[in-house]
Amino acid sequence: MAIAVPALPFTFVVHALAVIGAVFVLVWVLHFRGGIAWEATNKSLIFNLHPVLMLIGLIIIGGEAIISYKSLIWRKEVKKLIHLVLHAIALILGCIGIYAAFKYHNESSIANLYSLHSWLGISVIVLYGIQWIYGFLLFFYPGGTDALRSASLPWHVLFGLFVYVLAVATAAIGFLEKLTFLESSGLAKYGSEALLVNFTAVLTIIYGAFVILSVSSQAPAEDDYSYSAIE
């Protein structure tokens, strides 16, 4: 059942939190962690691409893609295209972000895929890719029959939300893991950087919650191919 309130106020909060989250993660890596780089003698600069791309790409742009049906008042075809393109951008940035983590590990002689965060991260990106490909083939091109799309839509929506919630949880675990490593290397537990990382993780969870609230609320106009399928 949908929440009997308009979705637009929730989507405004999502947009605001997206800006704050992007600023937080950029301040962290640029001010506290020394910046970002694809090639560097300081391999930590390579790793810094990972949280930036995963948060801004998979979480923020992915969240904006999810709420596009509830935050926009344009025609269904336009919203569907925006939904598809934003998810594609999120997926591409997520893949690059994961590759950056592997690149950092390989160039620093650190083992790969040993943590819960890494296992969940790989699972998320694979499921996200499957979801995008399935949605593209069924709802965009070549497109399924009306009956197949109608039957598949609720499952497409629910599976997409599951993957997104899993992505948010994985991001929060990632912030915790990185901060734990930094603190074990001498970072002050109550210092400004530690507080910023914790606040960024909390904001990520709140952002995800408002994305879910947005898609669970009433859209500006009824749409046969929107997240109203969960109503």
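Keep in mind the model is a prediction, meaning the values are calculated, not measured. In this chain, residues are counted from 1 in sequence order.
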Listed partners of Glu193 passing side-chain hydrogen bond (donor to acceptor under 3.5 Å, both in side chains), at least two apart: Trp28, Arg33
What pairs with Ser71 under side-chain hydrogen bond (donor to acceptor under 3.5 Å, both in side chains), at least two apart in sequence or on another chain? none
Tell me whether Ile73 at atom CD1 has more than 12 heavy atoms from other residues, nucleotides or ligands lying less than 6.0 Å away. no
Quick one: side-chain hydrogen bond (donor to acceptor under 3.5 Å, both in side chains) partners of Tyr99, sequence neighbours excluded? none
With rounding to the nearest 0.5 Å, note down the distance linking CG in Leu17 to CZ in Phe24. 10.0 Å
Side chain to side chain contact (heavy atoms under 4.5 Å, CB included) between Leu26 and Val52, worked out: CA-CA 7 Å; Leu26 288 172; Val52 171; 4.1 Å; yes
Separation between CG of Leu8 and CG of Leu72, rounded to the nearest 0.5 Å: 9.0 Å
Using a 4.5 Å side-chain heavy-atom cut-off and chaining through intermediate ILVMFWY residues, the residues clustered with Phe181 come out as Ile46, Phe47, Tyr104, Ile110, Tyr114
Are Val165 and Leu176 connected in the hydrophobic side-chain network, where two residues link if heavy atoms are under 4.5 Å apart? no
Does anything in residues 10-21 pair up under salt bridge (charged side-chain N to carboxylate O under 4.0 Å, His left out), and if so which pairs, sequence neighbours excluded? none
For Lys103, check salt bridge (Lys or Arg N to Asp or Glu O under 4.0 Å) against everything at least two apart and list the hits. Glu39, Glu107
So the side chain to side chain donor-acceptor pair (under 3.5 Å) pairs with at least one residue in residues 197-210 (sequence neighbours excluded) are none
For the pair His83 and Tyr69, name the ring-plane relationship: parallel under 30°, tilted 30 to 60°, perpendicular over 60°. tilted
Supply the atom-to-atom distance Leu81 CG to Lys79 NZ, rounded to the nearest 0.5 angstrom. 13.0 Å
Phe136: what forms a ring-ring contact (aromatic ring centres under 6.0 Å, His included) with it, not counting sequence neighbours? Trp132, Phe140
Check ring-ring contact (aromatic ring centres under 6.0 Å, His included) between Phe102 and all other residues, then give those that pass, not counting sequence neighbours. none
Hey, what do you get for NE2 (His15) to CD1 (Ile67), rounding to the nearest 0.5 Å? 4.5 Å
Quick one: ring-ring contact (aromatic ring centres under 6.0 Å, His included) partners of Tyr128, sequence neighbours excluded? His87
Got a sec, which residues hit side-chain hydrogen bond (donor to acceptor under 3.5 Å, both in side chains) with Ser108, two or more places apart in sequence or on another chain? none
Determine which pairs satisfy salt bridge (charged side-chain N to carboxylate O under 4.0 Å, His left out) with at least one residue from residues 3-24, sequence neighbours left out, and list them in order. none
Straight-line distance of Leu161 CG to Ile66 CD1, nearest 0.5 Å: 6.0 Å
